Structures are given as C-alpha cells and as structure tokens.
Number of protein chains: 2
Amino acid sequence: MKHIAESTVRRLSRYLRFLEGEEELGAETISSDDLATLGGTTSAQVRKDLSFFGSFGTRGRGYSVPALARRIREILGLEREWRVVIVGAGRVGAALAQYRGFRERRFNVVAAYDADPARIGTSLNGIVVRDQRTLDADLQALNPGIVLIAVPPEAAQPIVDRVARAGVRGILNFAPTALRVPDGVVVRSVDMALELEILAYALTAAK
Amino acid sequence: MKHIAESTVRRLSRYLRFLEGEEELGAETISSDDLATLGGTTSAQVRKDLSFFGSFGTRGRGYSVPALARRIREILGLEREWRVVIVGAGRVGAALAQYRGFRERRFNVVAAYDADPARIGTSLNGIVVRDQRTLDADLQALNPGIVLIAVPPEAAQPIVDRVARAGVRGILNFAPTALRVPDGVVVRSVDMALELEILAYALTAAK
DNA sequence: CTAATCTTGTGAAATGATTCACAAGCCCCG
DNA sequence: CGGGGCTTGTGAATCATTTCACAAGATTAG
C-alpha cells in the first residue's frame with residue numbers, strides 16, 4: 001500500500017474517538033462535515049483521509065457510525081489486543097502502568113521493570129515490578145508487541161538495544177533522548193519538555 | 001515575522017539539546033552536518049531551519065556552539081523562567097509536578113490543584129496540592145505563563161474555560177480530548193494513547 | 001600570496017499535504 | 001417515478017516543506 005502520512009493516521013485516530021462517542025449516543029450515520037467539526041478540520045480533509053483506505057460512505061447520507069468505527073479500528077490495527085511492557089517504574093512509568101486510557105484502547109500492560117531494588121517487588125495496580133536483569137529472558141515469554149521506555153535518558157539506549165534484540169518491533173519512548181534502532185523497529189518519542197518548549201515558542205513569537 | 005512551521009520549531013528544540021551536550025563536552029564549533037547527524041536529519045535542513053531566524057554561522061567553520069545555543073534559547077523563548085501551574089494531581093499530574101526535565105529547562109511548577117479532598121493538602125515534592133475551587137482567584141497572583149491540564153477528559157474543558165478566562169495564554173493538555181479555546185490562547189495536546197495507536201498502525205501496516 | 005578545502009546561506013526544484021470544486025450517486029418527498 | 005437536495009469521492013490546484021545545488025565567504029597549508 002501507498003505510504004500514508006502520519007498526520008492522516010493521527011486524524012483517523014481522532015475520528016475514531018468521536019465515532020465511539022457518537023456510537024454511545026446512538027447515532028447511526030455521520031457526515032464528513034460533522035466529523036470535521038468535531039475534529040477541528042475540514043470535511044474535504046476527512047473524506048481525503050478516508051479515501052486512502054477505500055470508500056465507506058453513502059452519497060447523500062454520510063457514513064454508518066458503527067461500520068466506520070469498525071473499519072478505522074481495523075485500519076489502525078486496534079481490533080487485536082496489544083501486549084505492552086513498561087521499562088522504568090519511576091513516576092512516569094508508574095503513571096503509564098496505571099493509565100486508564102491504555103486499557104480502554106486494549107493496550108494491556110503485562111509487566112513492568114526497574115533497576116532500583118527499592119522498587120522491585122512493589123505493585124502498580126496489580127502489576128508487580130520485576131528486576132530489569134530478567135528483562136531479556138522474560139521478553140521471550142511475554143512477547144509484547146510494544147515496549148514503553150520510561151527510564152532516565154542515559155539509560156534509554158541500552159534498554160532499547162536489548163529490547164530490539166529480543167525481537168520487539170514497536171517502542172514508545174518517554175525519555176528525552178534520541179534513539180537508534182535497527183531497521184524494522186519503529187520508535188516514537190513523547191518528549192514532554194519539548195512540547196512545553198514548542199508552546200513557549202508559540203507564546204513568545206506571537207507578538 | 002513570517003510564520004514558522006511547527007516541524008522547524010521542534011527540530012530547533014532538538015538541536016538545542018545536542019548543542020548543550022556538545023557544550024558540556026567543551027566543543028567550540030559544530031557544523032550543520034554534525035548537528036544533522038545527531039538529530040537524524042540533513043545538513044540542508046539544519047541550515048534552512050536556522051536561516052529563518054538569521055545567519056549565525058561562519059562559512060568554512062560552522063557554528064559557535066555556545067553562541068548558537070544561546071540564540072536558539074532566545075528564539076524559543078527559553079531565556080526567561082516560565083511559571084507553570086498543574087491542574088489535576090492524579091498519577092499523571094503528580095508525575096508532571098515532579099518531572100526533572102521541566103526544572104532543567106526552567107519550567108517551574110509553582111502550584112498544583114485537584115478537586116479530590118483526599119489529595120488536597122498532600123505534597124508533591126514540596127508543592128502542596130490546593131483546592132481546585134480556589135484556582136480562579138489564585139491564578140491572578142500566581143500569574144503562570146502556562147497551565148498543564150491533567151484531569152479526566154470530561155473535566156478538561158471547564159478547567160480550560162476557567163484558566164483562559166483568568167488570562168492564561170498557554171495550555172498543555174494531557175487529557176485525551178479536544179479542547180476549544182478563545183483566540184489568542186495556544187493549546188497543545190499530548191495524548192499518550194493516541195501515540196500508541198499511531199505506533200500500532202505503523203506495526204500493522206508495515207507488512 | 002595563492003590554491004585547495006570547508007562549510008554556510010539561499011534561490012530553485014522537487015516532493016508532500018491540504019484545499020477546492022464538481023460530477024456522480026443516493027435519499028426523500030410528492 | 002421524477003426532481004430537488006444532500007453528501008461522497010476524487011482529480012486538479014494551491015500551499016507548505018524538504019531537498020538540491022552552488023556561489024560566496026572563510027580557513028588552512030604551502
């Protein structure tokens with residue numbers, strides 16, 4: 001398939017949120033214009049985004065809410081459950097381990113790791129923090145689709161190397177550092193300080 | 001000034017990280033090519049990014065590390081201190097309140113708020129959680145440049161309305177919901193589940 | 001001082017993303 | 001069953017971003 005822009009995927013994911021909201025309210029159909037209003041974009045953009053994957057609407061009516069929701073879930077790969085392992089059980093790791101938004105989307109945190117003896121053995125919402133030294137061996141059995149990195153920046157790269165070597169292909173990194181990975185492994189980074197800096201720029205420049 | 005793309009600002013912020021690293025190592029100059037390698041982009045991109053703001057390099061030599069770092073800090077608005085207020089002292093809010101990366105970049109968390117009586121009065125790393133009902137009055141005195149939203153999604157919009165009414169112009173939202181704000185107020189959202197979904201798509205589509 | 005070597009800064013070209021605009025299809029009403 | 005009113009799907013046009021390519025300035029070696 002043709003390459004799809006990240007901006008498109010990001011919007012699809014947002015459309016899905018709104019569709020699920022509408023679904024609960026019992027809406028049967030929705031127009032590209034309604035979706036656009038909810039998502040802060042334009043109806044042409046909505047239709048273009050969807051058109052990359054086929055045509056699911058009915059002219060004159062709009063889209064079937066449940067059918068479109070199902071189709072977007074399928075496109076995004078959200079019909080399956082995702083097993084997620086968290087490395088780093090500090091405050092950020094702990095918050096992630098217990099984050100409600102993940103469970104709701106069927107991202108299941110199956111284990112958490114830390115290197116600090118004081119944290120090993122403690123429980124995060126039913127998940128017992130394990131010793132990071134057992135990570136490599138455990139990954140075989142746990143077989144997670146995605147690993148979340150929530151360790152200090154200087155510890156991140158070695159963890160990523162180990163995780164990639166164990167065959168994990170998806171990494172979501174919360175450490176504020178650039179990461180190198182082998183081909184075939186996908187990393188995304190969430191850098192909270194960087195987001196604040198972009199905001200600072202917007203506030204500073206808007207004069 | 002001409003409008004600058006967000007992608008450019010994001011890269012500037014990353015360049016700054018590398019520059020600070022190089023600065024500590026005692027490097028005096030750096031070429032666009034070195035910066036590109038560190039940041040995973042191209043030298044032409046680096047030079048183009050910088051060129052929007054002036055020309056700081058020396059042909060044949062490269063850029064002075066400390067001078068460029070200073071200039072980027074100035075561009076991004078990081079020379080000043082930013083006062084930050086956090087609303088929502090659950091696990092995410094608590095993690096943010098104590099996040100080391102913010103302090104390092106001179107984003108100072110000056111207060112945290114919550115609506116839950118069980119949390120009010122507890123201390124997060126020296127910051128005592130206050131009652132959300134006093135938020136509006138307190139904002140006058142605190143006068144934060146930025147407010148972080150870390151409340152449940154359904155509570156976010158009312159908080160944003162209150163915060164915007166109090167004159168705050170920058171909001172960083174961690175609640176997984178779209179927010180409306182008046183003109184002149186800048187919102188950015190960090191949606192952790194959405195990042196996981198984009199990752200899920202990348203893993204699903206790459207076949 | 002000259003020549004060879006670097007590396008910047010920047011128009012121009014190429015590529016990518018969004019918006020426009022409209023034909024085509026579907027629904028509903030009479 | 002025909003006409004009016006919606007709304008999709010999609011090429012074409014526009015707008016934005018990245019990459020290319022090279023002249024010009026600076027440094028270094030001889």
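Letters A, B, ... are given to chains in the order of the sequence lines, protein chains preceding strands, and every chain is numbered from 1. Here the structure is a predicted model, which means the values were calculated and not measured.
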Chi angles and distances behind the side chain to side chain donor-acceptor pair (under 3.5 Å) call for A:Ser32, A:Arg47: CA-CA 6 Å; A:Ser32 56; A:Arg47 295 198 299 276; 3.1 Å; yes
query: Step by step, would you call A:Glu6 with A:Arg11 a salt bridge (Lys or Arg N to Asp or Glu O under 4.0 Å)?
result: CA-CA 9 Å; A:Glu6 182 188 310; A:Arg11 282 191 299 266; over 6 Å; no
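Checking side-chain atoms of A:Thr37 against main-chain N and O of A:Asp33 turns up a donor-acceptor pair under 3.5 Å. Panel note: side chain A:Gln98, backbone A:Leu124; no donor-acceptor pair is recorded below 3.5 Å. In this structure, the side chain of A:Arg83 does not engage the main chain of A:Val110 through any donor-acceptor pair within 3.5 Å.
Here A:Tyr99 pairs with A:Phe102 under the ring pair (Phe, Tyr, Trp, His ring centres under 6.0 Å) rule; sequence neighbours left out.
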statement: In B/S/- notation (B base, S sugar-phosphate only, - none; protein heavy atoms under 4.0 Å), nucleotides 24-30 of chain D written 5' to 3' is BBSS---
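Residues A:Val187 and A:Val160 fail the side-chain proximity criterion, which asks for heavy atoms closer than 4.5 Å. Contact check for A:Ile30 versus A:Phe18: no side-chain heavy atoms found under the 4.5 Å cut-off. Using a 4.5 Å heavy-atom threshold, the side chains of A:Thr177 and A:Gln157 count as separate. Using a 4.5 Å heavy-atom threshold, the side chains of B:Ile146 and A:Leu203 count as touching.
In summary, A:Glu20 and A:Arg105 engage in a salt bridge, as defined by a charged side-chain N under 4.0 Å from a carboxylate O. Remark: A:Arg17 engages B:Asp191 in a salt bridge, criterion side-chain N to carboxylate O under 4.0 Å. Salt bridge present: A:Arg10 and B:Glu195 bring a charged side-chain N and a carboxylate O closer than 4.0 Å.
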Nucleotide pairing, DNA chain C (Watson-Crick or G-U, distances under 3.5 Å), in dot-bracket with [ ] and |: ||||||||||||||||||||||||||||||
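Within the 4.0 angstrom heavy-atom criterion, only backbone atoms of the sugar-phosphate kind lie near A:Phe56; the bases stay farther away.
Residues from residues 4-19 of chain B with heavy atoms under 4.0 angstrom of DNA chain D, sorted by number: B:Ala5, B:Ser7, B:Arg11. Of the residues in residues 26-50 of chain A, A:Ser31, A:Ser32, A:Arg47, A:Lys48 come within less than 4.0 Å of DNA chain D through at least one heavy atom, sorted by number.
On the nucleic acid side, DNA chain C has its first and last nucleotide under 4.0 Å of a heavy atom of chain B at C:dC6 to C:dA12, going 5' to 3'.
No hydrogens or angles considered: nothing links the side chains of B:Asn173 and B:Arg188 as a donor-acceptor pair under 3.5 Å.
Of all heavy-atom pairs spanning B:Arg169 and B:Gly184, the tightest one is NE-O, 3.2 Å.
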